[in-house]
Amino acid sequence: DDKLAQLNRNIFLIAKKTEGIAKVLSRALVKEGKRKIFVLYNTADEFMPTLGAALTDALQEKAAQGKEKIRNITIPI
């Protein structure tokens, strides 16, 4: 998001960050009882790699905080 905002003075951040989406996704995955998570994402732009890295971080953080054993693999395609 920060990279997009730097492209042009007419582009600016409003109310979300890509990393926030990853936190919402990780909470939903854990709440649904998902423990083995495999994510493929496109690398054509910066959005999905940023989301993929943030999701991996958020899932590892969730695993470290709780008793859940979470395994995740995030692969660029």
Side-chain angles (χ1 to χ4, degrees):
D1 297 336
D2 291 327
K3 289 180 183 179
L4 285 174
Q6 293 172 6
L7 291 176
N8 184 302
R9 67 182 183 87
N10 295 318
I11 299 173
F12 54 92
L13 300 176
I14 295 178
K16 68 113 191 125
K17 287 195 151 262
T18 301
E19 293 81 356
I21 296 169
K23 288 184 181 186
V24 170
L25 285 172
S26 69
R27 279 194 299 263
L29 289 166
V30 171
K31 184 178 179 182
E32 291 289 321
K34 308 300 183 199
R35 299 296 180 261
K36 294 180 181 178
I37 301 157
F38 183 74
V39 179
L40 293 175
Y41 63 87
N42 189 337
T43 58
D45 60 30
E46 289 295 320
F47 176 73
M48 290 309 296
T50 301
L51 182 61
L55 181 58
T56 295
D57 292 345
L59 288 169
Q60 289 174 350
E61 187 178 305
K62 285 278 186 198
Q65 289 174 356
K67 299 173 186 167
E68 297 96 359
K69 189 172 189 178
I70 300 170
R71 292 184 181 177
N72 72 294
I73 300 171
T74 307
I75 299 177
I77 55 172

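When reading the values below, keep in mind they use all heavy atoms of this one structure, side chains included, and skip hydrogens, waters and symmetry mates.
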Practice prompt. Carefully, step by step, assess Asn42 and Phe47 under the rule side-chain contact (heavy atoms from CB on, under 4.5 Å).
Written response: CA-CA 9 Å; Asn42 189 337; Phe47 176 73; over 6 Å; no
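- Tested against Leu59 for a side-chain contact (heavy atoms from CB on, under 4.5 Å), the candidates Leu55, Thr56, Asp57 yield a single pass: Leu55.
- With rounding to the nearest 0.5 Å, the separation of CD1 in Ile70 from CD in Gln65 is 9.5 Å.
- Here the shortest heavy-atom pairing between Ala58 and Ala22 reads CB-O, 4.2 Å.
- Hydrophobic clustering keeps Leu51 apart from Ile77 (ILVMFWY residues linked when any side-chain heavy atoms are closer than 4.5 Å, directly or through intermediates).
- Arg35 and Leu29 make their closest contact through NH1-O, 4.3 Å (heavy atoms, listed as atom of the first residue, atom of the second, distance).
- With a 4.5 Å cut-off on side-chain heavy atoms, Met48 and Thr43 do not count as touching.
- Atom CG of Asn72 and atom NZ of Lys34 lie 15.0 Å apart (nearest 0.5 Å).
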